[in-house]
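Single-structure report; data block below.
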Amino acid sequence: MSDFLEQISSQEYHESVFDALREQDGQIYDLIIREYERLQNTLQLIAAENQCSRAVLAALGSIVQNKTTEGFPGARYHGGCEFVDDIEILAAARAKETFGAQYANVQPHSGTAANQIVLTALLEAGDKILSLGLDQGGHVSHGDRVSFGGKFFEVQNYYVNRDTFVLDYNAIRDQAIEFKPKLIICGASAYSRVIDFKEFRRIANQVGAYLLADISHIAGLVIAGAHPSSIDEAHFTTTSTYKPGGPRGGLILMGRDYDSTISVSGKQIPLWKHIQRTTFPGVQGTPYLNNVAAKAVFFKETLSEEYRARQFKIVENAQSLSDCLVKLGYDVLTSGTDNHMMLVNVANFREGLTGVIAQKCLEDCGIVVNMNRLPYDTKSMAVASGLRLGTPIVTKNGMGAEQMQTISELIDEALNGVKIETNSQYSIDESLRSEIRNRVKQLCGRFPMR
Ligand SMILES: *Cc1c(COP(=O)(O)O)cnc(C)c1O
């Protein structure tokens with residue numbers, strides 16, 4: 001009887017969490033509700049965003065957040081870890097299963113932290129990294145000079161081809177042979193074509209470098225087989241966990257190289273163990289175990305048929321949106337996409353139009369996107385020539401080819417209607433703005449947040 005009563009009260013505890021927020025802090029509660037309404041009434045087309053499930057939200061908002069410990073399951077520095085150990089063990093096992101990996105580390109607080117851990121594990125100050133430049137679609141955590149990597153390591157960038165905007169593996173190989181990096185990083189934040197991880201590994205082997213594949217943007221596609229996997233090609237695969245639709249956070253995976261050895265202070269230890277020690281105490285402190293629990297919930301979802309089928313649908317939707325935009329006269333880089341995103345050169349669409357004007361006027365109309373510098377862009381970071389669009393959220397909410405056509409038309413009306421004043425200033429007719437905004441709202445109303 002007393003067990004039964006306790007069970008009821010723990011359930012009530014969890015159900016009362018949001019009531020507590022409403023009662024205790026109406027200001028934050030109201031802002032969260034307004035954010036919900038923003039998401040529900042506008043189109044989310046940011047390629048780096050996704051929408052996690054309610055079950056993931058529940059794990060994030062759970063009392064697991066209160067547990068403090070250091071270390072890994074079975075080797076913790078604090079007592080009381082029996083349940084959080086099981087949570088982390090499940091999370092890692094599910095990550096391995098869904099990615100087909102030999103090793104999974106679910107503790108990185110973010111995709112950036114996952115990269116920082118791998119870089120710290122492999123490199124000494126001054127060692128060489130070869131990575132895709134930030135202005136070419138790479139990520140700041142791949143050694144850009146404003147990041148920790150650029151501060152401590154010697155970084156050289158490789159480029160996409162100037163005419164095709166596609167990676168040129170022969171040029172990358174020549175550069176690697178010349179530069180002799182200790183680490184090659186592949187993976188991108190703004191690149192819409194398949195990345196050939198096998199070819200990158202051949203290049204890495206040829207110059208004796210480690211290969212890190214950062215699949216943050218395409219992790220969901222990799223899970224489903226909608227993009228080739230990096231797991232057994234790269235020595236290390238890192239990803240953010242929110243981009244494929246889980247909680248915010250990072251993940252480090254290893255495939256067939258997981259137990260090859262590395263020399264650390266004169267001793268040979270397995271790579272995975274070295275990654276583990278670099279995670280804690282090397283780079284991070286206590287893991288966020290609520291976040292680890294939420295990752296576990298998410299990895300279970302990724303094993304479902306619904307999740308896997310959705311990843312293919314995301315690509316299909318990106319391809320239809322891209323096709324529609326091309327038909328309307330837009331310059332989509334590489335004329336299409338193999339993944340969930342596309343890059344659009346808006347400066348080539350209309351005299352004077354820039355990325356920043358396009359982003360802002362679309363936002364006025366309820367269409368949320370981000371401006372993006374394009375490879376070899378002549379405009380500054382704050383102005384940019386391009387937009388990056390992605391389809392994970394609209395697909396999650398059930399939209400298909402017909403809605404992609406509608407979205408392309410809405411975008412087109414806004415970008416044709418905007419009055420350009422300078423390269424960052426514009427105005428838009430109030431009647432046009434509210435007309436597009438209402439149509440966006442109606443469209444979103446038919447596909448509520450799932
Ligand atoms: C988004 C992204 C990251 C960063 O992930 P955070 O969790 O936001 O730190 C790292 N690498 C690539 C390629 C990304 O696109």
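Every number for a ligand or one of its atoms is a count from 1 in the order of the listing.
Remark: Glu49 does not engage Lys243 in a salt bridge, criterion side-chain N to carboxylate O under 4.0 Å. Under 4.0 Å is where a charged nitrogen must lie from a carboxylate oxygen, and between Asp257 and Arg201 at least one such pair does.
Gln276 and Thr278 are not linked by any side-chain donor-acceptor pair at a separation below 3.5 angstrom, with hydrogens and angles left out of the test. With no hydrogens or angles considered, no side-chain donor-acceptor pair links Gln359 and Asn370 at under 3.5 Å. A donor and an acceptor atom, one from each side chain of Asn290 and Ser62, are nowhere located under 3.5 Å apart. Between the side chains of Arg310 and Thr302, no donor-acceptor pair is found at a separation under 3.5 Å. Looking only at atom types and distance, the side chain of Tyr426 has a donor-acceptor partner in the side chain of Asp364 under 3.5 Å away.
If you check which protein heavy atom lies closest to atom 8 (O) of ligand 1, you get Tyr242 OH, 2.6 Å. The closest protein non-hydrogen atom to atom 3 (C) of ligand 1 is His139 NE2, 3.2 Å. Protein heavy atom in closest approach to atom 7 (O) of ligand 1: Gly111 N, 2.7 Å.
Heavy atoms of Ser216 found under 4.0 angstrom from ligand 1 belong exclusively to the side chain.
Set against the non-hydrogen atoms of His217, the atoms of ligand 1 under 4.0 Å away are 15 (O). Remark: ligand 1 atoms within the under-4.0 Å shell around heavy atoms of Thr112 are 4 (C), 5 (O), 6 (P), 9 (O). Atoms of ligand 1 found under 4.0 Å from any heavy atom of Ala188, numbered from 1 in the order shown, are 13 (C). Ligand-side atoms of ligand 1 in range of Ser189: 12 (C), 13 (C), 14 (C), 15 (O), range being under 4.0 angstrom from any heavy atom.
Of the N or O atoms in Gly249, none lie within a sub-3.5 Å distance of an N or O in ligand 1. Not one N or O of Ser240 is nearer than 3.5 Å to an N or O of ligand 1, by distance alone. For the pair Asp214 and ligand 1, the shortest N or O to N or O distance falls below 3.5 Å.
Two rings, from Phe200 and Tyr169, have their centers less than 6.0 Å apart. In this structure, the ring of His139 has its center no less than 6.0 angstrom from the ring center of Tyr191.
A heavy-atom separation below 4.0 Å is found between Lys243 and ligand 1. In this structure, Gly187 does not count as a contact residue of ligand 1, since none of its heavy atoms falls inside 4.0 Å of the ligand.
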